[in-house]
Number of protein chains: 2
Amino acid sequence: MTLHESNSQEARSGASRCRLLPLPGQGSVAELLRLMGLDCVPTATDGSAISASLWRVRRHTVLFHEGARSDCLYVVRSGSFKCVKTLEDGYEQVLGLAQVGELLGFESLHGGRQPSAAVALEESTVYVLPARELRDPQRRGPLLDAALHHALVDKLMRAAETAEMMSAVASDVRLARFLLWLSERMGQAGQSRRRLSLHMGRRDIASLLGVAHETVSRSFTTLSDCGYIRVDIRDVEILDFDGLRARARTTRGHSGNPDSDAVRSASVRGRGPEVATPGPPRGGRSSLPDPGALAAA
Amino acid sequence: MTLHESNSQEARSGASRCRLLPLPGQGSVAELLRLMGLDCVPTATDGSAISASLWRVRRHTVLFHEGARSDCLYVVRSGSFKCVKTLEDGYEQVLGLAQVGELLGFESLHGGRQPSAAVALEESTVYVLPARELRDPQRRGPLLDAALHHALVDKLMRAAETAEMMSAVASDVRLARFLLWLSERMGQAGQSRRRLSLHMGRRDIASLLGVAHETVSRSFTTLSDCGYIRVDIRDVEILDFDGLRARARTTRGHSGNPDSDAVRSASVRGRGPEVATPGPPRGGRSSLPDPGALAAA
DNA sequence: CGCGGAGTTGAAGCGTTTCAAACGGGGTGG
DNA sequence: CCACCCCGTTTGAAACGCTTCAACTCCGCG
């Protein structure tokens, strides 16, 4: 794989989008593969014939628009993005964030249009891979192929986490989960888990969490009053991880004290799915219809 | 690729879990690849060395448990599943549905544990692929490789749709979006778009939508009173698609006059994302914020 | 037949939304 | 340089909608 050295890219994009600057001579193929989750480091040539580019994206600029027929797959190298969908009435729905190592614009792999726009929350850089070439298994070498697989599965797992985050009930619980989720992300990216830079306004956070932006503001002060966090507009410091985690675990029920709980719970008793081992008493027993079985082939 | 012919599966699984029945001689490799989204039909042999199985899963039984170290990837062949996470207090959080053609247990591709359990909502059949073999690009032939790619991207797109569905504000809007989303899914699977079988109780729908189950019940009667749908417990008929769609479009904030604050719309003006054409003056290059450091790879 | 679960509906409590106002910072223009 | 304005943030107060608790019906099942 060759790291594309600017040129044609710059030519293609008229003056109207020079905000996406190619950064010649900056990145490396090894870094790209590592970003995508590949453990092993490529020795020299991996045999792939993909021409990747490295772009710079200024904060608050769009990487691609909603509905755009972008034919590129992006890998976030630094910074972060929000994926937003603008509804008919002008309301901006934030559907998720993409941070270092995450894929953006994967819909282009199917040749479709982008369902949402991607906007940089901060100064960011992305690797740009032409989807046309990427769709051909021949042109992706084995390394890029494995990396793409890994990145896709990883993105899928992050999407599931996002869903879990948004499934909270109370607004401050949602915010607590969001902060812990962000903290985890920052930690994985090698940054501090305690000090967070949100890079988003209350309105964006509110949209992502599905509440009014005033409610987000109130939830911030609530968590702050509890001593869990210290808030300075867009900079948050987590003071009490355990407290914050306890709050994040709160489910359908009261929001005041996470401790004074009885066994009432929404309860799962009774007719639930016929949990493993319908025969013998609910004893331990290993779970699962051991799928290892079919490996016997 | 060979379609595994039962045997060992039945033997190993005691009477306690015979609910997962292999179905010898039923499926076909062509069907599996088609399910995963591959357009072209495999001619004869595709060169892959994966041993797939076909299992039957009875309704209300679990395909795999939360936290299980399943080493299999599943492809839904018929029926549907819910992905649930059981919280500490026993509350069951439904995180999503998996319908015909969708992947289940993709976390096994990374060797991790399942973050949620999968429970059949109805009589279902799944193809079972050993993740151990699947992780080896050599053993997946080009066809299965392409199919896996397609299925991963497809699942990713469906996850985004789910997030969008759950981002609604009002409960009846959520329900409207859910029904339309389900209708679309059923249509894509070749079934009726008008007549839906939910196969879930109100409690599960409520968990998926993030509201109380009584609220779901009320929302059903609301939509029914509007004449949009006809409800018979778990069978729903959509009577007025346009009306239901209009209700589903309802968002937070100004729904009355889209023109009153026409210019305001978060889209192009003011501080919003500096949409297109910041102009050449923005000037070239300048240094990377920070990541330049890690480019040293 | 009676039990238990699912679904529906009603009434009350309360959290969130909405409307409104005030504060503060960052930018522009005088 | 300061004033001013815009916008994001915060906080308050009232209205709404959802949640919760409760009662009731329907249905399957032992």
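Hydrogens, waters and symmetry mates play no part in the numbers below; they use all other heavy atoms, side chains included. By convention in this document, chain letters (A, B, ...) are assigned in the order of the sequence lines, proteins followed by strands, and residues within each chain are numbered from 1.
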query = Would B:Arg194 count as a cation-pi partner of B:Phe241, with NZ or CZ less than 6.0 Å from the six-membered ring centre and within 45° of the ring normal?
reply = no

ask   = Is the shortest heavy-atom distance from the side chain of A:Arg177 to the side chain of A:Leu175 under 4.5 Å?
value = no

ask   = Do B:Ser124 side-chain atoms and B:Glu122 backbone N/O form a donor-acceptor pair below 3.5 Å?
value = yes

query = Any sub-3.5 Å donor-acceptor pair from B:Thr250's side-chain atoms to B:Val173's backbone N or O?
reply = no

Pair [X]-[Y], side-chain donor/acceptor within less than 3.5 Å:
X	Y	answer
B:Thr251	A:Asp89	yes
A:Thr215	A:Ser171	no
B:Asp235	B:Ser197	yes

Over how many whole Å does the gap from [X] atom [atom1] to [N] atom [atom2] extend?
X	N	atom1	atom2	result
A:Asp204	D:dC7	CG	C1'	14 Å
B:Arg203	C:dT8	CZ	C1'	13 Å
B:Arg234	C:dT8	CZ	C1'	15 Å
A:Ile205	D:dT10	CD1	C1'	14 Å
A:Tyr91	C:dT18	OH	C1'	14 Å
B:Asp232	D:dC26	CG	P	14 Å
A:Ile233	D:dC7	CD1	P	17 Å
A:Arg202	D:dG8	CZ	P	12 Å

key: Along DNA chain C (nearest heavy atom to each residue), the more 5'-positioned of B:Glu214 and A:Val216   = B:Glu214

ask   = Think B:Arg218 has a side-chain N or O under 4.0 angstrom from the OP1 or OP2 of C:dT8?
value = no

inquiry  = Does D:dC18 have its OP1 or OP2 closer than 4.0 Å to a side-chain nitrogen or oxygen of B:Thr215?
reply    = no

message = Categorize B:Val169 for me: base, sugar-phosphate, or nothing, with a 4.0 angstrom heavy-atom threshold over every strand shown.
response = nothing

ask   = Heavy atoms under 4.0 Å, any strand shown: does A:Arg174 hit a base, just sugar-phosphate, or nothing?
value = nothing

key: Degree of bending, the helix from C:dC1-D:dG30 to C:dG30-D:dC1 (end axes from five pairs; round to 10°)   = 30°

remark   = Closest of D:dT9, C:dT9, C:dT16 to the A:Ala170 side chain is C:dT16

